[in-house]
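Contents: one structure, followed by commentary.
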Amino acid sequence: MPVNTVAVPTMGDSITEGTIVDIPAPPGTYVNEDDVVVVLETDKVSVDVRATESGVVTEIHGEMDDVVEVGEDLYKIDTDASAPEGGAAPPANDEAPPAAETVTAASAPAPAAAAAPPPATAAPPAAKPAAPPVAPPAPKGVGSREESRVKMSRMRQRVAVRLKEAQNTAAMLTTFQEVDMGALMELRSKYKEEFEKKQGIKLGFMSAFVKASTAALQEVPAINGYIDDETNEIVYRDYCDISVAVASPGGLVVPVLRNTEDMSFADVEKTIAMYGQKARDGNMALEDMAGGTFTISNGGVFGSLMGTPIINPPQSAILGMHATKMRPMVVDGVVVPRPMMYLALTYDHRLIDGREGVTFLKSIADKIADPGRLLLGI
């Protein structure tokens, strides 16, 4: 048949539904193979649903903010339709002819708000894209008392639930250490050019913290385990999968570095760079963020001096890095300025005793203060 029906694709083992947050190709739009037709947002990530064949989109089974389940019909495409002269036209050129169709209004925020039923209070949240254009041209006057409401995304709702679950389930305790970053900064400064020339990637500080954390996880196995609340069992892993935060246009995402015990400094830097590029391009897959036995959160990039990170369930601990600041320190009886960083480890006290938590964090601090320990395995 010339008109094919495309269903909501599988988006991960634990994902059963998603919300329509954008319709780049409304009905009447000619799309080439691999063009984005609909954007779905799940609890974990946004998913671009792309055309598997070229043709004209004839129908979208849903509107903005509608929830669709995996396997349901999502859109129809006429694969026998001819491409317009000059190739596939941008969606903006194809939106004008079918302006009377209700599905087209769903992709255009302003008309959708105007055509909405009487409950005016529900219209602005439903047309989320309208919020950004309104804010800049309407500067607030001095003494303004206006308020605005924006619907929470599914991802933000899920994050809120998980954070509260972590607080309600784990007996979280945070311990602190301070570390002298001088030796690591000197090492990086000395070898960064040679490292980049040989490895093809810049040498950062995250690789040292990943390798130091991996070594400490092997020294203190309890940190790398977790409690299975359903069976009342403790699960110990003999591998280290470390989650790291990466910036994306939609916010921070936390991909996982797999088997960091087998990674070199260059492997860590290349993998983080690869995830960073995928995040910027919007190509981060659910599989990239699934799992993880330990998390490193670097609030220092935003200037945070100290904080208490929250565990990412079902993990049992998380390391918080912070900003490096010059502070007066006593070295060999003399007060000298040194580049110091506060480290914080939040751990589940149900599984991890204070001795283990402090020993683990002190091990990381010692390895960062003296990178030679990583080479010697001590």
Side-chain angles (χ1 to χ4, degrees), residues 11-15 42-46 155-156 158-167 169-170 172 174 206-230 233-248 250-263 267-276 278-279 283-299 301 307-321 343-348 350-352 356-357 360-361 364:
M11 298 174 285
D13 294 339
S14 60
I15 303 298
T42 71
D43 295 342
K44 298 181 179 179
V45 70
S46 293
M155 193 181 303
R156 175 54 59 185
R158 181 57 179 161
V159 168
V161 170
R162 285 180 60 81
L163 289 175
K164 198 57 188 173
E165 284 179 350
Q167 289 185 320
T169 302
M172 290 192 289
T174 304
M206 184 58 76
S207 54
F209 277 93
V210 168
K211 292 303 295 181
S213 298
T214 300
L217 287 171
Q218 294 175 318
E219 295 168 1
V220 189
I223 308 293
N224 205 38
Y226 71 96
I227 295 176
D228 187 334
D229 292 302
E230 293 184 0
E233 295 176 330
I234 299 175
V235 181
Y236 294 100
R237 294 116 155 184
D238 58 2
Y239 57 90
C240 300
D241 289 352
I242 296 184
S243 305
V244 295
V246 173
S248 75
L252 289 178
V253 293
V254 190
V256 181
L257 307 179
R258 313 284 179 183
N259 291 101
T260 54
E261 70 276 9
D262 297 327
M263 282 185 165
D267 292 333
V268 173
E269 295 292 354
K270 289 177 181 178
T271 305
I272 292 176
M274 179 268 292
Y275 280 138
K278 292 181 71 173
N283 296 328
M284 190 73 73
L286 291 173
E287 292 75 14
D288 296 331
M289 296 178 285
T293 65
F294 182 74
T295 295
I296 299 177
S297 174
N298 187 6
V301 297
T308 55
I310 298 177
I311 294 172
N312 180 23
Q315 298 175 16
S316 297
I318 178 173
L319 175 68
M321 297 168 55
L343 299 178
L345 178 74
T346 298
Y347 57 94
D348 189 347
R350 298 178 304 161
L351 171 62
I352 302 166
E356 294 169 320
F360 175 82
L361 186 57
I364 293 176

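Side chains are part of it too, since the values below use all heavy atoms of this structure and drop only hydrogens, waters and symmetry mates. In what follows, residues are counted from 1 in the order of the sequence shown.
The shortest non-hydrogen separation linking Val256 to Tyr275 is O-OH, 3.0 Å. Across all non-hydrogen atoms, the minimal contact from Ser243 to Gly292 is OG-CA, 3.8 Å. Considering every non-hydrogen atom in both Glu261 and Asp238, the closest pair reads OE2-O, 4.4 Å. Pairing each heavy atom of Asn312 with each of Arg162, the nearest pair is OD1-NH2, 3.1 Å. The two residues Ala317 and Leu345 have their closest heavy-atom pair at CB-CD1, 4.1 Å.
Between the side chains of Thr308 and Thr346, not a single donor N or O lies within less than 3.5 Å of an accepting N or O. Looking at Thr295 and Gln315, their side chains do bring a donor and an acceptor atom within 3.5 Å of each other. No hydrogens or angles considered: a donor-acceptor pair under 3.5 Å links the side chains of Thr293 and Asn224.
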Side chain to side chain contact (heavy atoms under 4.5 Å, CB included) evaluation trace for Thr169 with Arg350: CA-CA 10 Å; Thr169 302; Arg350 298 178 304 161; 4.0 Å; yes
What do the steps show when you test Tyr226 against Arg237 for side chain to side chain contact (heavy atoms under 4.5 Å, CB included), and what is the final call? CA-CA 9 Å; Tyr226 71 96; Arg237 294 116 155 184; 3.3 Å; yes
Apply side chain to side chain contact (heavy atoms under 4.5 Å, CB included) to residues Ile352 and Ser316 and explain how you reach the verdict. CA-CA 8 Å; Ile352 302 166; Ser316 297; 4.0 Å; yes
When you look at Ile234 and Leu351, which way does the side chain to side chain contact (heavy atoms under 4.5 Å, CB included) test go after all the steps? CA-CA 8 Å; Ile234 299 175; Leu351 171 62; 3.5 Å; yes
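Between Ile242 atom CD1 and Met263 atom CE the span is 9.5 Å, to the nearest 0.5 Å. Between the CD atom in Glu269 and the OG atom in Ser207 there is a gap of 3.5 Å [rounded to 0.5 Å]. We find the NZ-CG distance between Lys278 and Asp288 to be 3.5 Å, quoted to the nearest 0.5 Å. Considering OG of Ser297 and CD1 of Ile318, their distance stands at 5.0 Å, rounded to 0.5 Å. Separation of atoms CD1 (Ile364) and NZ (Lys211) is listed at 13.0 Å; rounding is to 0.5 Å. How far CD1 of Ile310 is from CE of Met172: 5.5 Å, rounded to the nearest 0.5 Å.
Between Asp348 and Ile311, the closest side-chain pair of non-hydrogen atoms falls below 4.5 Å. Side-chain contact between Ile272 and Lys270 is absent, with no heavy atoms from C-beta onward closer than 4.5 Å. Within the 4.5 Å cutoff, the side chain of Asp267 has no heavy atoms near those of the Leu257 side chain.
For the side-chain hydrogen bond (donor to acceptor under 3.5 Å, both in side chains) test, no residue two or more places apart in sequence or in another chain qualifies with Glu230.
Outside the 6.0 Å centre-distance limit, the rings of Phe294 and Tyr347 are not counted as a close aromatic pair.
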Contacts table for residues 212-221: side-chain donor-acceptor under 3.5 angstrom, sequence neighbours left out:
from   : atom 1 : to     : atom 2 : distance (Å)
Ser213 : OG     : Phe209 : O      : 2.7
Thr214 : OG1    : Val210 : O      : 2.7
Thr214 : OG1    : Thr260 : OG1    : 2.8
Glu219 : OE1    : Ser363 : OG     : 2.7
Glu219 : OE2    : Lys367 : NZ     : 2.9

